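Numbering starts at 1 and runs along the sequence shown. What you are looking at is a predicted structure, and each value in this text was computed from that prediction instead of being measured.
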Amino acid sequence: MPNVALTAAAAAAFLLSGCGSHGATNPGSETSSAQTPTQLADSITRAIYDNKPDVARQHFDDALKSQIQDYQVLFLSQTMHRLGDYDGVKIIRVDADHARYAYRAFFTQGKMEVRLRLRGDGKVGAYRVVPDPPGRP
């Protein structure tokens with residue numbers, strides 16, 4: 001069963017995840033929306049930063065799409081805005097066998113780690129944003 005969890009603890013993590021069968025997508029392959037994994041990570045992160053839940057939802061699989069709540073996007077948007085202006089993502093890890101990607105999201109006054117997992121059809125089956133601890137490069 002898909003689950004959505006918002007953790008507003010000291011690390012303020014944001015997690016959207018779906019369970020079930022998720023086929024792998026090659027790192028350079030195009031998704032159903034004709035975007036690379038990096039483009040997806042950037043456009044979803046930008047939509048959340050801009051507090052546009054419907055724009056972020058369009059990239060999620062149906063199970064995940066039905067779970068995301070507007071207040072969760074607002075909370076994460078406010079958290080991101082505390083780090084300044086959004087300045088894009090840079091890939092830091094790829095697990096191509098499991099279609100999992102990790103990115104560093106840059107802001108003018110900090111950064112966060114963005115993780116996503118793609119399904120075989122190119123839809124996002126999981127998306128997570130974790131604030132970087134102080135001192136992390």
Can you measure from [atom1] ([X]) to [atom2] ([Y]) and round to the nearest 0.5 angstrom?
X      : Y      : atom1 : atom2 : answer
Asp85  : Gln109 : CG    : CD    : 8.0 Å
Lys90  : Lys111 : NZ    : NZ    : 11.5 Å
Ile48  : Ile68  : CD1   : CD1   : 5.5 Å
Arg115 : Ile92  : CZ    : CD1   : 8.0 Å

Check [X] against [Y] and note the closest heavy-atom contact, atom names and distance.
X      : Y      : value
Glu113 : Ala102 : OE2-CB, 4.0 Å
Gly88  : Arg46  : N-NH2, 4.5 Å
Ala47  : Ala56  : CB-N, 3.7 Å

Given the rule that I, L, V, M, F, W and Y join up when any side-chain heavy atoms are under 4.5 Å apart, are [X] and [Y] in one cluster?
X      : Y      : answer
Val129 : Phe107 : yes
Val55  : Leu40  : no
Phe106 : Tyr49  : no

- [ ] Kindly say whether Val73 contributes a backbone atom to a donor-acceptor pair with the side chain of Ser77 at under 3.5 angstrom?
- [x] no
Task: Main-chain N/O of Ile44 paired with Lys52 side-chain donor or acceptor, under 3.5 Å - done: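 Not a single qualifying donor-acceptor pair exists.
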So, do [X] and [Y] sit near enough that their side-chain heavy atoms are less than 4.5 Å apart?
X      : Y      : answer
Asp42  : Tyr86  : yes
Val124 : Leu118 : yes
Ser66  : Leu64  : no
Thr45  : Met80  : yes

Task: Candidate pair Met112 and Thr79, rule side chain to side chain contact (heavy atoms under 4.5 Å, CB included), full reasoning - done: CA-CA 10 Å; Met112 299 177 126; Thr79 302; 3.7 Å; yes
TODO: Please identify each residue that fulfils side-chain contact (heavy atoms from CB on, under 4.5 Å) with Gln78, with sequence neighbours left out.
DONE: Leu74, Arg82
Task: All side-chain contact (heavy atoms from CB on, under 4.5 Å) counterparts of Asp95, not counting sequence neighbours - done: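 Applying side-chain contact (heavy atoms from CB on, under 4.5 Å) to Asp95 gives Asp97, His98, Arg100.
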TODO: Count the heavy atoms belonging to other residues, nucleotides or ligands that lie under 6.0 Å from NZ of Lys65, then report whether that count exceeds 12.
DONE: yes
- [ ] Dump the intermediate steps for salt bridge (Lys or Arg N to Asp or Glu O under 4.0 Å) on Arg119 and Asp121, then the final yes or no.
- [x] CA-CA 5 Å; Arg119 293 170 31 107; Asp121 62 2; 3.5 Å; yes
Open item on the list: Just by distance, no angles: are the side chains of Tyr101 and Thr38 close enough, under 3.5 Å, to form a donor-acceptor pair?
Closed with: no
- [ ] Could you pull out all residues at least two apart from Asp54 that satisfy salt bridge (charged side-chain N to carboxylate O under 4.0 Å, His left out)?
- [x] Arg57
